[in-house]
Amino acid sequence: MLLFFTLGLLIHFVFFASIFDIYFTSPLVHGMTPQFTPLPPPARRLVLFVADGLRADTLYELDENGTSRAPFIRNIIMHEGSWGISHTRVPTESRPGHVALIAGFYEDVSAVAKGWKENPVEFDSLFNESKYTWSWGSPDILPMFAKGIDTNGHAHRPSSRDYKDNIKKVDDGVKEIVSMFNHFYGNDGKTTFIFTSDHGMTDWGSHGAGHPSETLTPLVTWGAGINYPQRVSAQQFDDSFLKEWRLENWKRLDVNQGILPVDYLNNTDLFKAESMFTNAVQILEQFKVKMTQKKEVTLPFLFTPFKLLSDSKQFNILRKARSYIKHRKFDEVVSLCKELIHLALKGLSYYHTYDRFFLGINVVIGFVGWISYASLLIMKSHSNLIKAVSKEVKKPSHLLPCSFVAIGILVAFFLLIQACPWTYYVYGLLPVPIWYAVLRECQVIQDLVTSLLTYPLSHFVGYLLVFTLGIEVLVLSFFYRYMLTAGLTAFAVWPFLTRLWTRAKVTSLSWAFFSVLLAVFPLMPVVGRKPDISLVMGAGLLVLLLSLCVVTCLMKRKDSFRKEELLVHLLQVLSTVLSMYVVYSTQSSLLRKQGLPLMNQIISWATLASSLVVPLLSSPAVFQRLFSILLSLMSTYLLLSTGYEAVFPLVLSCLMFVWINIEQETLQQSGVCCKQKLTSIQFSYNTDITQFRQLYLDDIRRAFFLVFFLVTAFFGTGNIASINSFDLASVYCFLTVFSPFMMGALMMWKILIPFVLVMCAFEAVQLTTQLSSKSLFLIVLVISDIMALHFFFLVKDYGSWLDIGTSISHYVIVMSMTIFLVFLNGLAQLLTTKKLRLCGKPKSHFM
């Protein structure tokens with residue numbers, strides 16, 4: 001098992017690393033011939049102002065008094081230059097925004113390997129092509145950063161007075177610098193000024209995605225070569241900004257990044273046409289270099305060129321553009337060059353992703369092989385489907401290993417003659433030994449086929465469809481949380497479709513009630529939710545009410561409930577009351593701007609520290625230990641809650657208690673084992689490993705339930721793949737001074753608490769159903785790998801950092817699910833089987 005686990009870890013690491021070669025390679029091209037416009041430029045110098053995080057609407061709109069926050073720039077719009085909205089591209093972050101402004105290309109997705117902090121590949125820029133460059137601003141981004149806008153936006157939100165007041169400071173700074181330049185150069189009229197922003201900002205103070213408040217940035221230009229303001233009577237735009245900003249009479253010229261905005265230029269039509277032609281030829285040069293590079297490392301009979309931009313079409317477009325310039329048909333030149341740019345960019349994308357299909361096929365073949373091998377191992381070692389293998393020693397055949405050795409040599413030779421990188425050998429050769437291991441189990445495969453042929457076809461197809469539907473619901477729940485609601489609703493109906501309803505009506509109704517109740521949470525909002533302490537207080541009261549009922553019931557059983565255990569429960573009830581007090585008083589103190597009270601901070605940390613210790617003092621009886629774990633973890637969870645999520649672990653735990661009961665009923669119904677009362681089952685019972693039963697078809701459902709509940713614990717109250725889903729107010733009972741590592745650790749523990757509750761409940765399920773963790777591990781491995789295969793095709797190399805990072809996170813989450821399960825299993829065993837001051841070896845049913 002250890003060897004299998006080690007090899008599986010290595011194989012999954014290769015599968016994970018493959019996405020960076022398939023999706024996240026740099027699109028940048030080197031070795032092009034620089035192109036120049038043959039006509040003299042209208043300006044001798046360019047001054048570029050970049051206001052970090054400045055939204056277009058905040059700059060252009062008037063304040064409550066009807067005056068502009070940036071009077072100098074407003075005057076430029078009306079009397080000296082041209083203006084509009086620059087529609088930036090995601091990711092709306094500072095580094096890619098400045099690279100697009102100064103170097104002329106969009107985000108290099110290979111920067112994900114550098115944590116989005118820098119470009120991993122050298123690139124040319126406007127600075128390199130200038131004789132002299134002076135720049136002021138952030139040390140990691142050379143162009144000048146306007147003072148304070150982005151920082152105030154994050155801290156105080158774009159609607160705040162601090163953010164808006166800083167716009168006036170920026171306006172004053174721009175005015176001063178413009179005056180300085182004009183004075184120094186004697187107003188020679190050879191300076192061009194551009195004022196813009198790298199990105200905007202949402203109302204809640206974040207940026208990076210594609211919301212209009214993030215992508216709509218201001219663009220104001222004036223000086224040499226720039227058109228003067230144009231008065232118009234009407235303008236056609238899909239928005240109502242012009243009227244709101246009272247700029248409906250000044251022509252607005254919007255810009256989409258990547259296209260030369262010729263409407264801004266105050267020059268001859270010949271100059272505009274030549275500039276556009278130069279732009280098109282420069283991009284075409286990149287296309288040619290990229291095509292040549294790919295052609296040199298591909299066998300001639302396998303090379304497929306980009307058909308939309310063949311050599312003849314390139315020649316015809318360039319010849320026609322030159323002819324139009326000669327005959328002074330400048331509008332036709334601009335239109336033709338835009339078409340050439342569009343085709344060249346599509347061709348660049350085509351050659352950049354040329355190997356993606358080949359690499360993807362290799363990884364998929366390896367994935368399918370690994371899933372097949374894990375499935376065969378389950379059937380061979382943990383089920384009754386496979387017949388006993390004959391004891392006769394068969395002479396091993398050399399045909400199979402020799403065939404796979406030959407295949408491996410052919411694959412290696414094919415990659416060698418194409419001068420492929422070493423990683424291609426890993427992806428190409430890895431499926432060979434995996435599929436060899438699969439086909440070596442030919443006897444298991446034969447027995448499996450024989451068993452399936454004796455199984456009713458309708459039943460087989462039905463189970464397959466249900467399993468497939470379940471996997472698809474799990475995958476979709478990563479994108480659409482309401483799919484968890486659909487799944488939980490289906491869970492609620494499940495007992496009524498089986499004989500459970502007739503055998504255990506109360507248990508079935510309880511299961512349906514709590515399933516539907518839990519299904520409400522994925523429908524609740526995630527980002528931007530406002531704190532509601534009343535809901536946290538309500539959750540605390542529910543915990544106290546539940547504690548009262550449970551303690552009352554336990555006290556009636558005098559034979560099994562001792563004073564020490566009563567004291568433990570009362571201590572946990574007191575801890576819950578203190579948590580409620582701390583949450584309420586901290587919120588009140590922060591609203592009065594008096595900070596976090598020291599006593600509240602001490603109580604919060606003490607509660608957190610004791611949450612994993614106090615349950616070990618309780619009785620090892622299944623029900624009492626699980627309830628003790630719930631009380632301790634809920635005290636901490638209340639301190640980390642700001643709203644409705646405080647109720648989530650309570651409802652989840654109630655469903656887990658019912659799950660333990662309903663699994664007992666299903667097992668008794670199938671006649672596998674006798675039903676035991678939860679009060680008679682001890683977590684510390686040293687289970688004999690020989691008593692573990694073989695797997696049945698229903699155990700796949702149990703493993704699926706576990707995965708589904710873990711995913712529900714993951715996404716039940718939010719999408720934790722994104723930092724945007726975190727609310728820093730969650731940790732204010734512990735600290736208010738910004739400390740990213742400590743805050744991150746507290747948030748991670750808040751996320752882990754529902755997982756721990758699910759795994760502790762499943763410990764009880766394993767104990768009562770005599771299901772070994774080894775067999776469970778293998779089933780979950782198969783389920784998670786099938787999900788990972790879905791997410792492999794859903795990895796994004798475009799969009800915001802949030803979109804790209806989330807797609808990678810989804811892939812990593814399901815790839816590491818089994819490793820995570822081992823960790824959770826160990827923590828759950830510690831919480832359920834250990835008892836302080838009690839000697840005895842705890843059960844161990846992992847191996």
Side-chain angles (χ1 to χ4, degrees), residues 510 513-514 517-518 520-521 524 531-555 561 565-587 600 603-619 621-660 709 712-713 716-717 730 733-734 746 749-761 764 831-832:
S510 300
F513 173 74
F514 286 113
L517 196 58
L518 191 65
V520 174
F521 287 92
M524 304 292 280
D532 190 347
I533 299 303
S534 61
L535 290 175
V536 182
M537 295 295 103
L541 290 174
L542 287 175
V543 173
L544 293 177
L545 182 62
L546 182 63
S547 303
L548 179 64
C549 295
V550 171
V551 171
T552 303
C553 292
L554 291 175
M555 289 181 67
F561 196 61
E565 294 165 6
L566 176 62
L567 184 63
V568 171
H569 284 299
L570 291 178
L571 180 64
Q572 290 176 317
V573 170
L574 176 62
S575 178
T576 304
V577 173
L578 286 174
S579 295
M580 294 170 63
Y581 165 75
V582 169
V583 170
Y584 182 80
S585 62
T586 300
Q587 174 75 3
N600 289 11
I603 294 173
S604 298
W605 285 105
T607 302
L608 174 63
S610 64
S611 62
L612 293 178
V613 178
V614 175
L616 306 183
L617 300 171
S618 63
S619 168
V622 167
F623 181 79
Q624 294 179 39
R625 177 57 65 93
L626 290 178
F627 183 69
S628 180
I629 292 170
L630 170 63
L631 286 184
S632 286
L633 295 181
M634 273 302 298
S635 298
T636 304
Y637 202 86
L638 289 173
L639 293 170
L640 292 167
S641 298
T642 61
Y644 74 88
E645 80 272 19
V647 190
F648 177 73
L650 186 61
V651 177
L652 180 65
S653 296
C654 290
L655 183 60
M656 293 299 98
F657 279 113
V658 180
W659 185 31
I660 297 168
F709 287 137
T712 303
T717 58
S730 299
C733 289
F734 293 87
L746 288 169
W749 180 235
K750 178 183 179 181
I751 292 162
L752 281 175
I753 286 175
F755 287 106
V756 175
L757 294 173
V758 171
M759 281 307 300
C760 288
L831 286 172
T832 55

Rounded to the nearest 0.5 Å, what's the gap from CG on D532 to CE on M537? Could you check? 10.5 Å
CA sep, side-chain torsions, deciding dist, call: L546, L542, side chain to side chain contact (heavy atoms under 4.5 Å, CB included): CA-CA 6 Å; L546 182 63; L542 287 175; over 6 Å; no
Verify, without hydrogens or angle tests, whether W605 (side chain) and F734 (backbone) share a donor-acceptor contact under 3.5 angstrom. yes
Say you draw a straight line from CD1 of I603 to OG of S575; how long is it, rounded to the nearest 0.5 Å? 9.5 Å
Do M656 and L652 touch side chain to side chain, with heavy atoms closer than 4.5 Å? yes
Side chain to side chain contact (heavy atoms under 4.5 Å, CB included) evaluation trace for L650 with L630: CA-CA 8 Å; L650 186 61; L630 170 63; 4.2 Å; yes
From CA spacing to verdict: side chain to side chain contact (heavy atoms under 4.5 Å, CB included), C733, L640: CA-CA 7 Å; C733 289; L640 292 167; over 6 Å; no
What side-chain donor-acceptor pairs closer than 3.5 Å can you find for residues 608-616, not counting sequence neighbours?
from	atom 1	to	atom 2	distance (Å)
S610	OG	A606	O	3.1
S610	OG	T607	O	3.1
S611	OG	L608	O	2.7

Those residues at least two apart in sequence (or on a different chain) that pass side-chain hydrogen bond (donor to acceptor under 3.5 Å, both in side chains) with S579 are none
Go through the structure and list residues passing side-chain contact (heavy atoms from CB on, under 4.5 Å) with A646, not counting sequence neighbours. V536, A539, L638, S641
Output for pair (L517 CG, F648 CZ), nearest 0.5 Å, gives 11.0 Å
Would you check if there is a donor-acceptor pair between the side chains of R625 and S618 at a distance under 3.5 Å? yes
Ring centres of F657 and F627 under 6.0 Å apart? no
Listed by chain and number, what are the side-chain hydrogen bond (donor to acceptor under 3.5 Å, both in side chains) partners of T576, not counting sequence neighbours? S635
Within-4.5 Å side-chain heavy-atom neighbours: F709 and L655: yes
So do the side chains of L541 and M580 get within less than 4.5 Å of each other, counting heavy atoms only? yes
Taken to the nearest 0.5 Å, the spacing of K750 NZ from L752 CG works out to 12.5 Å
Can you find a heavy atom in the side chain of V658 that is under 4.5 Å from one in the side chain of C654? no
Heavy atoms only: give me the nearest I629-C760 pair and the separation to one decimal. CD1-SG, 3.8 Å
Rounded to the nearest 0.5 Å, how far apart are OG1 of T642 and CD1 of I533? 7.0 Å
Taken in chain and number order and not counting sequence neighbours, the residues that satisfy ring pair (Phe, Tyr, Trp, His ring centres under 6.0 Å) with Y637 are none
Name all residues meeting the ring pair (Phe, Tyr, Trp, His ring centres under 6.0 Å) criterion together with F514; count only those two or more places apart in sequence or in a different chain, and write none if there are none. none
Report yes if the side chains of V577 and L544 come closer than 4.5 Å at any heavy-atom pair, otherwise no. yes
Within the 3.5 Å criterion, strictly below it, is a donor on S628 or Q572 matched to an acceptor on the partner's side chain? yes
On a heavy-atom basis, which atom in V582 and which in T586 lie closest, and how many Å separate them? O-OG1, 2.7 Å
Side chain to side chain contact (heavy atoms under 4.5 Å, CB included) between T712 and F521, intermediate numbers included: CA-CA 9 Å; T712 303; F521 287 92; over 6 Å; no
To the nearest 0.5 Å, atom CG of L578 lies from atom CG of N600 at 10.0 Å
